[in-house]
Amino acid sequence: MSSTTFRRRTALLTAGFAAVASLALTAGGTGPHTGALPAPNTAVDAEAAAFGTTVPKTGQGTEASSAGVTCTGANTKVTARTVTRPVNHMLLTVKNTGSRTCHLYGYPALRFQFAQAVPPVVEDSQPQAVTTLDPGQSGYAGVNLSSADGSGTGGYTAKTLAVIFQNRALDFVGSGVGVPLPGRGVHIDSSLRTTYWLSDPQDALSW
């Protein structure tokens with residue numbers, strides 16, 4: 001046998017063994033996902049770590065993307081309008097204008113013109129869960145401006161309003177968002193109250 005023929009047969013046998021080994025590896029499981037997972041690319045991981053980043057792994061998600069953010073003046077638009085029923089009430093509407101889901105924690109702190117303190121909240125209006133707004137959705141709070149029977153005291157017409165949001169810890173943060181009031185202002189007195197943030201405007205106006 002010539003040396004050339006020997007080398008050719010050796011090459012053919014080597015290729016054949018490689019093919020058999022490959023078939024044996026792929027036949028080790030009963031389905032497409034039962035084979036061994038590829039070994040981690042330690043070189044890529046090391047390079048990413050050097051730049052202060054990490055390489056995403058299969059099945060890992062980001063907590064921030066699923067948890068949403070707090071609704072604030074930066075990602076919402078707040079409007080106010082008076083209603084005919086119930087009397088002496090105003091409806092606050094907060095629309096999520098951002099690109100991520102946001103949470104309306106607690107209730108709004110209302111700073112009316114000349115007011116010495118923010119009005120109390122109607123405790124019975126607290127929802128069972130935090131009001132959550134997807135982009136484009138709205139949340140609501142009902143405001144009882146003054147007593148219907150005239151029993152309230154210290155009444156006057158307020159022409160400006162700032163709304164302050166709560167964070168997850170239920171702390172009021174920021175200086176507030178200016179909200180235009182309807183007409184020439186609204187009449188408020190010592191009966192002033194607000195509800196928690198709610199997902200239904202009718203629920204917000206039922207207190």
Side-chain angles (χ1 to χ4, degrees), residues 68-207:
V69 297
T70 300
C71 295
T72 66
N75 56 16
T76 63
K77 180 180 180 180
V78 187
T79 57
R81 67 178 180 89
T82 53
V83 297
T84 56
R85 291 288 185 276
V87 296
N88 302 340
H89 275 64
M90 182 174 71
L91 181 67
L92 289 178
T93 300
V94 178
K95 183 177 181 179
N96 183 353
T97 58
S99 58
R100 300 174 62 183
T101 296
C102 73
H103 305 296
L104 278 171
Y105 293 108
Y107 61 93
L110 307 180
R111 295 198 176 203
F112 284 96
Q113 181 186 26
F114 306 133
Q116 300 299 312
V118 298
V121 66
V122 180
E123 291 293 346
D124 288 342
S125 68
Q126 184 173 7
Q128 294 183 347
V130 174
T131 299
T132 299
L133 307 180
D134 288 331
Q137 287 187 329
S138 296
Y140 309 89
V143 183
N144 184 354
L145 298 170
S146 58
S147 62
D149 58 5
S151 60
T153 60
Y156 68 95
T157 298
K159 296 183 178 181
T160 62
L161 169 65
V163 173
I164 306 174
F165 292 89
Q166 286 182 304
N167 58 19
R168 186 175 182 178
L170 300 183
D171 296 321
F172 290 106
V173 293
S175 58
V177 179
V179 180
L181 291 173
R184 298 182 178 180
V186 293
H187 181 79
I188 62 176
D189 64 20
S190 59
S191 301
L192 184 64
R193 300 285 189 277
T194 183
T195 67
Y196 282 86
W197 291 116
L198 301 168
S199 59
D200 190 309
Q202 296 303 319
D203 290 342
L205 291 174
S206 64
W207 303 94

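Quick caveat, the model's predicted, so the values are computed rather than measured. Numbering of residues begins at 1 and proceeds along the displayed sequence.
Every residue meeting the ring-ring contact (aromatic ring centres under 6.0 Å, His included) condition with Y196, not counting sequence neighbours, appears here in chain and number order: Y107. With sequence neighbours excluded, the residues forming a side chain to side chain donor-acceptor pair (under 3.5 Å) with D134 are T101, listed by chain and number. A search for ring-ring contact (aromatic ring centres under 6.0 Å, His included) contacts involving F112 returns nothing, not counting sequence neighbours.
Here the straight-line distance linking atom CZ of F172 with atom CD1 of I164 works out to 7.5 Å at 0.5 Å rounding. Remark: S191 OG to D149 CG distance equals 7.5 Å, nearest 0.5 Å. The distance from atom CG of L91 to atom CD of Q202, rounded to the nearest 0.5 Å, is 9.0 Å. For the atom pair D203 CG and L198 CG, the distance stands at 6.0 Å (nearest 0.5 Å). How far NE2 of H187 is from CG of N88: 8.0 Å, rounded to the nearest 0.5 Å.
Closest of all the heavy-atom pairs between L145 and M90 is CD1-CB, 3.9 Å. Scanning all heavy atoms of the two residues, the minimum distance from R184 to K159 falls at O-CG, 3.4 Å. Nearest approach of A204 to A141, heavy atoms of both residues: CB-C, 3.9 Å. L192 approaches P120 most closely through the heavy-atom pair O-CD, 3.6 Å. In terms of heavy atoms, G98 sits closest to P135 at O-CB, 3.4 Å. Taking all atoms of both residues into account, the shortest heavy-atom contact from D124 to W207 is O-CH2, 3.2 Å.
Side-chain contact, T153 with S190: a donor N or O sits under 3.5 Å from an acceptor N or O.
Listed by first and then second residue, the side-chain hydrogen bond (donor to acceptor under 3.5 Å, both in side chains) pairs involving residues 89-99 amount to none (not counting sequence neighbours). Applying the side-chain hydrogen bond (donor to acceptor under 3.5 Å, both in side chains) rule to pairs touching residues 68-86 yields nothing, sequence neighbours excluded. Residue pairs satisfying the disulfide bond (SG atoms under 2.5 Å apart) criterion with at least one member in residues 101-161, sequence neighbours excluded, are listed as follows: C71-C102.
Y156 has its side chain within reach of I188: a pair of non-hydrogen atoms, C-beta onward, lies under 4.5 Å apart. Side-chain contact check for T160 versus F114: every heavy-atom pair is 4.5 Å or farther apart. Side-chain contact between L161 and L92 is present, with heavy atoms from C-beta onward closer than 4.5 Å. At a threshold of 4.5 Å between non-hydrogen side-chain atoms, the residues L133 and W197 do not count as touching. Taking the side chain as every heavy atom from C-beta outward, L205 and Y140 never approach each other to under 4.5 Å.
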(request) List the steps, then state whether side chain to side chain contact (heavy atoms under 4.5 Å, CB included) holds for V186 with T157. (result) CA-CA 5 Å; V186 293; T157 298; over 6 Å; no

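Proximity of a side-chain donor or acceptor of T195 to a complementary backbone N or O of S125 within less than 3.5 Å is not detected.
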